[in-house]
Amino acid sequence: PTHNRYNVLPENDHSNAHPEQRTTTTHASVTQKKTRKYKKKKKQNNTKKISPTVVGLWNAQSVGNKTQIVKENILEDNLDLYFIVESWLHENSKKTIGDMCPPGYKHKQATREHKKGGGIVCIYKEHLKVQKKKPPDVSTMEILDIIHTAKTKKIRYVTIYQPEPE
């Protein structure tokens with residue numbers, strides 16, 4: 001045969017070949033060898049899959065009679081952190097907070113003392129490393145400053161509720 005599947009002359013038969021065909025033949029055979037050599041190698045991916053953090057935010061306008069709704073929202077959406085503004089909770093509202101937190105969850109809060117309304121709560125999965133930072137001393141708004149440490153990264157969540165002026 002005068003042609004193979006690459007449409008060039010075999011390597012060992014250069015007697016009657018035009019110079020361009022000889023170059024092509026050599027190029028084709030080198031390409032074939034490289035293809036065979038590297039075809040079996042597969043790229044390995046050694047990176048671990050990282051799950052995203054699922055975060056929710058809700059303006060509850062009082063959670064007093066909505067504790068079951070809060071719990072259902074957390075569980076249905078598998079939330080890692082759930083921020084609630086206008087919780088209307090105070091520091092001594094332990095029963096209501098206990099009713100809102102599903103098993104395996106904890107909470108941090110910033111309350112509005114001596115006034116009606118306001119308040120911010122963060123309900124989070126207890127295995128997460130969550131730290132509440134001291135907010136700046138301001139009287140015009142409520143601030144809940146949370147730092148979530150995930151492996152080597154820190155993520156800061158600052159939730160601000162600014163009520164209407166009185």
> Can I get a per-line list of side-chain donor-acceptor pairs under 3.5 Å for residues 130-143, giving both atom names and the distance, sequence neighbours left out?
{"residue": "K132", "atom": "NZ", "partner": "Q109", "partner atom": "O", "Å": "2.4"}
{"residue": "E142", "atom": "OE1", "partner": "G119", "partner atom": "N", "Å": "2.5"}
{"residue": "E142", "atom": "OE2", "partner": "R112", "partner atom": "NE", "Å": "2.5"}
{"residue": "E142", "atom": "OE2", "partner": "R112", "partner atom": "NH2", "Å": "3.0"}

> Would a single hydrophobic cluster contain both I97 and L81, if residues Ile, Leu, Val, Met, Phe, Trp and Tyr are joined by side-chain heavy-atom contacts under 4.5 Å?
no
> Using the rule that two of Ile, Leu, Val, Met, Phe, Trp, Tyr join whenever any of their side-chain heavy atoms come within less than 4.5 Å, decide whether V158 and I120 are in one cluster.
no
> If you compare all heavy atoms of Y157 against all heavy atoms of H148, which two are closest, and at what distance to 0.1 Å?
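What the structure gives for the nearest pair is CE1-CB, 3.9 Å.
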> Using a 3.5 Å cut-off and no angle test, enumerate the donor-acceptor pairs between side-chain atoms of residues 53-64 and protein atoms at least two apart in sequence or in another chain.
{"residue": "N59", "atom": "OD1", "partner": "Q61", "partner atom": "N", "Å": "3.4"}
{"residue": "N59", "atom": "ND2", "partner": "E86", "partner atom": "OE2", "Å": "3.1"}
{"residue": "S62", "atom": "OG", "partner": "G64", "partner atom": "N", "Å": "3.4"}

> Are L144 and Y161 linked, directly or through intermediate hydrophobic residues, by side-chain heavy-atom contacts shorter than 4.5 Å (ILVMFWY only)?
yes
> Output all residues satisfying side-chain hydrogen bond (donor to acceptor under 3.5 Å, both in side chains) with K71, sequence neighbours left out; order by chain, then residue number.
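Not a single residue meets the side-chain hydrogen bond (donor to acceptor under 3.5 Å, both in side chains) criterion with K71.
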> To the nearest 0.5 Å, what is the distance between CD1 (I147) and CZ (R156)?
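Spacing of CD1 (I147) from CZ (R156) equals 5.0 Å.
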> Could you tell me which residues satisfy side chain to side chain contact (heavy atoms under 4.5 Å, CB included) with K129, sequence neighbours excluded, listed by chain and number?
T149
> Are I146 and F83 close enough that some pair of their side-chain heavy atoms sits under 4.5 Å apart?
yes
> Is L89 linked to I123 within one hydrophobic cluster, defined over Ile, Leu, Val, Met, Phe, Trp and Tyr using a side-chain heavy-atom separation of less than 4.5 Å?
yes
> Using the rule that two of Ile, Leu, Val, Met, Phe, Trp, Tyr join whenever any of their side-chain heavy atoms come within less than 4.5 Å, decide whether Y82 and L128 are in one cluster.
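Hydrophobic grouping puts Y82 apart from L128.
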> If you look only at pairs with a residue in residues 72-83, which of them pass as a salt bridge (Lys or Arg N to Asp or Glu O under 4.0 Å), with sequence neighbours excluded?
D80-K125
> Taking ring-ring contact (aromatic ring centres under 6.0 Å, His included) as the test, write out the residues that go with Y105, two or more places apart.
none
> Let me confirm one number: the CG-CG distance from N65 to D99, rounded to the nearest 0.5 Å.
12.0 Å
